[in-house]
Amino acid sequence: MCGIAGLISRQRVKENGKRIKQGIVLQNDRGNGLGAGYAAYGIYPDYADLYAIHVMAMDEESMLEVQSYLQEHFVIQHMEDIPIWNRVIHDHPLVKRFFVEPKESIIKAFPVPVSEDNYTIEKVMAINDRQEGAFVFSSGKDVGVFKGGGTPADIYDFFCLDDYEGYTWLAHNRFPTNTPGWWGGAHPFNLLGWSIVHNGEISSYGINRRYLEGFGYKCRMQTDSEVVAYLLDLLIRRHGLTIEEATLALAPPYWASVEREKDPEVEQRLLALKIIYESAMLNGPFAILAGFDNGMFSITDNTKLRPMTVGLADDYSYFASEVSALYEMEPGLERVITPRAGQPCIVNLDHGAESREAEAPITR
Amino acid sequence: MTQPEVHSSNPPQETQIRPEPGLRSAYRPVFDMSVCDGCGICARECSFNEIRMDTREGKKVPVANRRSCGACHRCEYTCPLGAIHIEENKMALRPHGVWKDSAMQRIHLQAASGAVALTGLGADTEVPNYFDQILFNACQVTNPSIDPQREPMETVTYLGRKAKSLKDVEDIQHFHNALIRLRMPVVFAPMSYGSINLNFQKAMARVAQKKGLLWYSGEGGLHKELYPYRDCVVLQVASGRFGVSQEYLRAGRAYQIKIGQGAKPGIGGHLPGEKVLEGISETRMIPLHSDAISPAPQHDIYSIEDLRLLIYAIKEASGYKPVCVKIAAVHNVAAIASGVVRAGADMIYLDGYRGGSGATPSIVRDHVGIPIELALAAVDQRLRDEHIRDQASIVAAGGIRNSADVMKAVALGADVVAIGTACLLACGCHACQRCSSGKCPWGITTNDPDLSQRLDVDWAEERLTNLLEGWHHEMQEIMGLNGIYDIGSFRGNRLILRGVGLSDRELSILGIQHAGE
Ligand code: SF4
Ligand code: SF4
């Protein structure tokens, strides 16, 4: 059992973390105080074009090693300690952020062109794979993840989230069953622009992980949820699937319902998605909320063994495990939607903020 | 040594009795004479002439020769009064760590015959069966199991060349045409017409058609009566090229090039002329009563480039049907599989050490090749490491005994599992391993007209259907208790498996953790 909350302004109006905190703190009972976290988009306008690499390290030495690794492969435009307030949480790792861009000289020197994103991912994976006592937990542009061991309120205060302004916020309250106490196991999981919070267990983890390893991703966070962030990166950014297609690949309809599809073209495309992305499919009980640079979406398993609700008001969409949390974030909700099992809800800012259809749940 | 029974009551004195060690069977029928009414059915049913009827005190009684019983249990099942059971005809041997009775018996047998010792079915040695040392996980608390009685539990499987990503699919129609949909990840293993009879092939073909599965023709061609089942058959092109005609190359749902067989890697096959009866001669396109010889290698394949040529020749000739290449699991199977996939195969069929055969030298069967579990794990990982796993499906075969074996193979990485011996057993076979004799008492691995008619097609169809339905339910149960509703999330999901009593080396090849980890 875990708690999820999210909010997004379709006009990209920024606000600090107060409302998302209310939304997740209300769901305190869904966690056990051993893990919580937040992700916010639009918080680094001054460095919006640079990869914001958030690093956790157990000691100074490991942090320095990561720093010199980054120096070797990137131009570090700015770096600083992530501000913390450690009156309540005393026992914590070091947290630092680096605003970087790949070294042009290296990128240019590759015999085959490498995108900056792919280059950055590879370096992030290399750090997480090889560096003892340190790892990268956030690597996108103009986005930051803040997470650790503690209650949602404690982690919020620890990272001083009153001081950040973002247009998309995600929050998670964890009841860890796999890796209690390990800060790397807290949600959100992030890679580049993808941040996910997850409630449930991924029974397909074994094959999802092997599948991702075939594409160079390294799963080192000792928990199943991280695969979702990497899968989104692979399917959407690298394979060019639309958000909707990606949701259909990750949480596909049953074969039986695909084969009932009337339109043969739609059927063929759905079948192809299911066949090609068999190993990417998520199985088990799950509700996932994902943030990306241009929006947010939720998916659940086909039997909806984990809850997800959506609320709409003005130009905002709200997501939460419990309806009460939606009202906690916005008392004046216009509409509350309970997605059916397996039905994704997508807010895509690319589709224009005025279109109300775009955020309505996709009907299968 | 026991002497063979001497039938005449008064052996002539001048004849020296010659014992013939080896000509003694390890089993014998035992008759309950308080029940037996002397009907003589057993003597007719025993195709090995173990039982003859004799007259004792004016009453007809069955008598065992104790020379040729192989424990097929045909007489036991056919005796209307239940008067027969089979016992081990054990010899009291002084225990010897080296010269165990099987070793000794083989020597006796060969000393008596001077021939290569032939046998049927798969290896019966003590080589570890890794399936027995692998256990499944199950959901508890944090991850609810799914009840297959109430929730959908899907086992649909697609075979053939897929794609790395959707954008790699240029022509979606073409993409789908190249794939074969199966209702569950089980197919019938190739068993040729000749090694088995038409009745058995027909039963498999009917089940495959009704259940949305595949059956494989084996190398004996496709009998004209089986053309109605062409939409679900994988036709084989083997080294003997038996039955490969223009029509044949158009008829199949897919084609299989046979390079090797798990029961006899590296050697060919031989169907003796006396078994090449009318239907077989016609279907194989060889003269009546001529030996059907399958050479060890395909004589146009001496390298991987040659294989590529044949794959594409078959694709061209068949109108671009999927091509499967069957290889035996041998030491460097992973490298070979990778080559085969790069040569253009759409499916790779791995036949493991315990794979069956209608006739194979037991020295080869028992001493060559590697178990399917290890081969499968190595091949699946190798194809993934080389980023070509999407280009070909893996069919795993060789000693699959039950639905747990199927699901373990799938979790190790198989797309689908092929069953052969299990189908024989379903239709009465008792694994007496005498398939090569052509006298199968259950009418399966024989083309003797009288014996063949023992196998009723409808009955065999029902037995096979029952077996598969039972397995299907069990497979769904195993998925459900792991919280997985689609076989796709089971496939290659080795985290579901744990090894017991395996060394680090074995675990690392299988790619699984030890129980307790
Ligand atoms: S029918 Fe089979 S079991 Fe019975 S005596 Fe003959 S060989 Fe033995
Ligand atoms: S198929 Fe027939 S001959 Fe072969 S093992 Fe089975 S019962 Fe014996």
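Below, chains carry the letters A, B, ... as their sequence lines are ordered, and counting in each starts from 1. The analysis underlying the following values was restricted to heavy atoms, covering all of them including side chains, and did not include hydrogens, waters or symmetry mates.
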query = Non-hydrogen atoms of chain A under 4.5 Å away: do they reach the side chain of Val156(B), the backbone, both or neither?
reply = both
inquiry  = Taking every non-hydrogen pair under 4.5 Å, which of Ala272(A), Gly284(A), Gly240(A) racks up the most with chain B?
reply    = Ala272(A)
query = Is Asp486(B) close to Glu278(A) at the side-chain level, that is, under 4.5 Å between some pair of heavy atoms?
reply = no
inquiry  = Quick check against the 3.5 Å criterion: does His387(B) have a side-chain atom that pairs as donor or acceptor with the backbone of Gly214(A)?
reply    = yes
ask   = For Gln381(B), is it the side chain, the backbone, both, or neither that has a heavy atom closer than 4.5 Å to a heavy atom of chain A?
value = both
request  = Measure distances from Ile487(B) to the heavy atoms of chain A and classify the residue's part below 4.5 Å as side chain, backbone, both or neither.
outcome  = neither
request  = List for me each residue that meets salt bridge (Lys or Arg N to Asp or Glu O under 4.0 Å) alongside Lys315(B), sequence neighbours excluded, and say none if there are none.
outcome  = Asp346(B)
query = Which answer fits Arg150(B), side chain, backbone, both or neither, if we ask what part of it has an atom under 4.5 Å from a heavy atom of chain A?
reply = neither
ask   = What part of Glu245(A) gets closer than 4.5 Å to chain B, counting heavy atoms only: side chain, backbone, both or neither?
value = side chain
message = The criterion is salt bridge (Lys or Arg N to Asp or Glu O under 4.0 Å); which residues satisfy it with Glu322(A), sequence neighbours excluded?
response = Arg30(A)
key: Under 4.5 Å from any heavy atom of chain B - which part of Leu241(A)   = side chain
inquiry  = Please classify the contact of Leu235(A) with chain B as side chain, backbone, both or neither, using a heavy-atom distance under 4.5 Å.
reply    = neither
Test item: Asn283(A) side-chain N/O and Tyr485(B) main-chain N/O as donor-acceptor pair under 3.5 Å = yes
note = Heavy atoms of Lys164(B) and His239(A) approach each other most closely as O-CE1, 3.4 Å
ask   = Does Arg384(B) use its side chain to pair, donor to acceptor, with the backbone of Arg210(A) at less than 3.5 Å?
value = no
